[in-house]
Asker: 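Got a structure for you, written out below as structure tokens; questions coming shortly.
Order of the sequence lines sets the chain letters (A, B, ...), proteins ahead of strands, with each chain counted from 1.
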Amino acid sequence: MTTRTTLLFTLCIASLVGLLAALAVLVGPANANKDPVTPQQLKAYEDAFMEQVKKGDLLFHGDAATAKQMNVVLSNTGMACAMCHPFASDTHPQAFPKYQASMNKFATLRDMINWCIEKPNQGEKIDSDSDAMKALEAYIYWSNSGSVLVPGKY
Amino acid sequence: MSELDRERRELAAVLQRPGVHPDPSLRLTRRTFIHRSCLTGAATVAQTFAWWPLLNTIDVAYAAEEPFKFAWVSDTHLYPKSVNTRFVEKVQRAAREVQAMSPPADFMIFGGDLAQLGRANELELGVELLNEVKIRKVFIPGEHDWYYDMGAKWKQLFDKPNWTFDHKGVRFIGLDTVTHGPDYWTARKMSPEERMDHMATLDGSVAGPWAGVGRDQLDWMQKTLADWDKARPVVIFSHNPLYEYYPPWNFWVRDWREVNEVLKPYLNVTNIHGHVHQVLYNEIGTMRSIGMLATSWPWPYAPEGVPKLTKPMIRADPGDFYDGVGWETLSMKNDRIETEYIMWGRKEVFVQSPPDSSLSQPEILRPRIADQIWPY
């Protein structure tokens, strides 16, 4: 094979690859389904989050209707979470997980929420994956959005 | 700049001018503080947290005529016994201890929030429990006492929400800082229960900036003080602090500017207040201001605005219902007021090192969202 033939062959292959690449860019893979996020989608995601925040806010402030609807008894003393934690202050979600002296164990925020429900509020512990727990967690994190993460801090 | 920042800067500019302080002749001391930290390592603590007014021994021409003590109890937040017995037990304990003071206190001031939801049975329970205290008792209202029936039951039990009397050379004034709240209920056609529930939520957005003294009471206070020597001691009891600390929780009165105008000429003014459920100290203009503990539960310090002069109280253990709460004795003796915090279950009321303080972990918080009802 002469050098000229090799060159032509190489050019042919290169054009073919180029053509295929151009096609792939123009047409896309047969099963492509990813689009950039739309403002509508963003809003839907945020709404889904804020709905949980609002539910959590109501539970946190002792709203009886929300507690009943979610089938939880967070307090039996007339105390609501917000009575010691206005604006979810002093909950320090940014410090979890950490060793929690009052429980004598390495604890998550969910553990702490349940501790508060059971001890000071004398309510009924909730499932740590329950809707009520996720809502409470959403509200507490959202309230403290500006705080800096300091996991493990006493 | 946020509205809060703007207010705070104005407060500092108006009330904390260089060289303007309350008369040093009526200093505050705290036995519990001096007990330990003043003797061991006070310098470190003071440097870490704040300058703190310590004992001084300057004699004054116009001091209280003879030494005496009085007791402060407030923020009992009583539910009926069937709902919560813990709060009841704490009032019983405070009442027992006030009555056992030796020598006895000259009187006891109850600083508001006797009830949690303003119900007649809660207020009556409070009266019943405090019957244990046989010395003279005077009362000012808190917002929890008032907004169920707009003070009807409270007035029936305790008469006027503001008053004045002189005792051993000191003019005492009881101020009402809770009944002048703007009307948030009529337009919404709220039931008394709904009105009370919004008022009872410290961090709620509906009741708004309800804490205030009001023009009528300011005029009354000016008249009350008109014949009083400007150098002699005045002690003002109020439910809310008379300066701006954290308006979102009504840790203020909204007309603090006008209050300052009235009090400016008087050099020996001490304001003793409840509502904040925490140790607080501030000097604003010629007035010093001291925050009292609740018997019910402690509030955390607000995320901003804690006065620089406040030496913070220790972080309470939420597992101990007697921690972070209690009552106070206040002694007036020659040249000073001495405040003793009786914090149950604590030898050290004040922080000893940064980890003891909730303020050592900075917080940036958002106001709540689920109770937003504006615009109508």
Asker: Is the side chain of B/R366 donor-acceptor paired with the backbone N or O of A/W142 at a distance under 3.5 Å, no angle test?
Answerer: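 Yes; at least one donor-acceptor contact below 3.5 Å.
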Asker: Relative to chain B, which segment of A/Y139 carries a heavy atom at a distance below 4.5 Å: side chain, backbone, both, or neither?
Answerer: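 Just the side chain, heavy atoms under 4.5 Å.
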Asker: Atom CD1 of B/I364 and atom CG of A/N144: how far apart are they, to the nearest 0.5 Å?
Answerer: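 Result: 9.5 Å between the selected atoms.
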Asker: Has the side chain of A/D90 got a donor or acceptor atom that lies under 3.5 Å from a matching backbone atom of B/P300?
Answerer: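 Side chain of A/D90 to backbone of B/P300, a donor-acceptor pair under 3.5 Å: no, none is there.
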Asker: Whether the side chain of B/W297 engages the backbone of A/M83 through a donor-acceptor N/O pair (distance < 3.5 Å, no angle test) should be reported.
Answerer: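 Yes, the answer is positive, given that a donor and an acceptor are paired below the 3.5 Å cut-off.
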Asker: Where on A/K119 is there a heavy atom nearer than 4.5 Å to chain B: the side chain, the backbone, both, or neither?
Answerer: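 It is the backbone, since no side chain atom gets that close.
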Asker: What heavy-atom pair brings B/F321 and A/P120 nearest, and what distance separates the two atoms?
Answerer: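 Here B/F321 and A/P120 meet closest at CE2-CA, 3.9 Å.
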Asker: What do you reckon, is CG of A/N71 surrounded by more than 12 foreign heavy atoms closer than 6.0 Å?
Answerer: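 Counting neighbours around CG of A/N71, 12 or fewer heavy atoms of other residues, nucleotides or ligands fall under 6.0 Å, so no.
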Asker: Side chain, backbone, both or neither: which part of B/I369 has an atom under 4.5 Å from a heavy atom of chain A?
Answerer: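 The answer is both parts of B/I369.
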Asker: Quick one: what part of B/P318 sits under 4.5 Å from any heavy atom of chain A, side chain, backbone, both or neither?
Answerer: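 Both backbone and side chain.
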Asker: Answer with side chain, backbone, both or neither: which region of A/W115 has an atom nearer than 4.5 Å to a non-hydrogen atom of chain B?
Answerer: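 A/W115 touches chain B through side-chain heavy atoms alone.
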Asker: Should the pair B/R315 and A/Y154 be classed as cation-pi, given the thresholds of under 6.0 Å to the six-membered ring centre and 45° from the axis?
Answerer: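 That pair qualifies as a cation-pi contact.
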Asker: Side-chain contact test, heavy atoms from C-beta onward, threshold under 4.5 Å: evaluate it for B/V83 versus A/T77 and give yes or no.
Answerer: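 Not in contact.
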Asker: How far apart are the closest heavy atoms of B/W249 and A/S89, and which atoms are they?
Answerer: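 The answer is CH2-OG, 3.7 Å.
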Asker: Report which part of A/S75 has an atom under 4.5 Å of a heavy atom belonging to chain B: side chain, backbone, both, or neither.
Answerer: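 Answer is neither: A/S75 stays 4.5 Å or more from chain B.
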Asker: Looking at chain B, which one of A/H85, A/K55, A/H92, A/K153 has the largest number of heavy-atom pairs inside 4.5 Å, strictly under?
Answerer: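 Heavy-atom pairs under 4.5 Å are most numerous for A/H92.
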Asker: For the pair B/E363 (side chain) and A/S147 (backbone), establish whether a donor and an acceptor sit closer than 3.5 Å, ignoring hydrogens and angles.
Answerer: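 Side chain of B/E363 to backbone of A/S147: no pair is present.
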Asker: Need one label for A/D63: side chain, backbone, both or neither, based on atoms under 4.5 Å from any heavy atom in chain B.
Answerer: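 A/D63 has no heavy atom closer than 4.5 Å to chain B.
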Asker: Going through the checks in order, is the side-chain contact (heavy atoms from CB on, under 4.5 Å) test met by A/H61 and B/T201?
Answerer: CA-CA 8 Å; A/H61 286 80; B/T201 308; 3.6 Å; yes
Asker: Tell me, yes or no, whether the heavy-atom count around A/E46 atom CD, taken from other residues, nucleotides or ligands under 6.0 Å, exceeds 12.
Answerer: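 Atom CD in A/E46 is not packed in, count stays at 12 or less.
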Asker: Need one label for B/Y301: side chain, backbone, both or neither, based on atoms under 4.5 Å from any heavy atom in chain A.
Answerer: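 Nothing of B/Y301, per the 4.5 Å heavy-atom cut-off to chain A.
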Asker: Quick check on A/A88 against chain B: is it the side chain, the backbone, both or neither that has a heavy atom closer than 4.5 Å?
Answerer: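 For A/A88, backbone heavy atoms alone lie under 4.5 Å from chain B.
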Asker: Just so I know, are the side chains of A/P86 and B/Y246 near enough to count as touching, which here means a heavy-atom distance under 4.5 Å?
Answerer: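 A/P86 vs B/Y246: side chains apart.
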Asker: Give the minimum heavy-atom separation between A/A95 and B/Q361, together with the two atoms involved.
Answerer: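 Minimum heavy-atom contact is CB-OE1, 3.7 Å.
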Asker: Around atom NZ of B/K153, are there more than 12 heavy atoms from other residues, nucleotides or ligands closer than 6.0 Å?
Answerer: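 Counting neighbours around NZ of B/K153, more than 12 heavy atoms of other residues, nucleotides or ligands fall under 6.0 Å, so yes.
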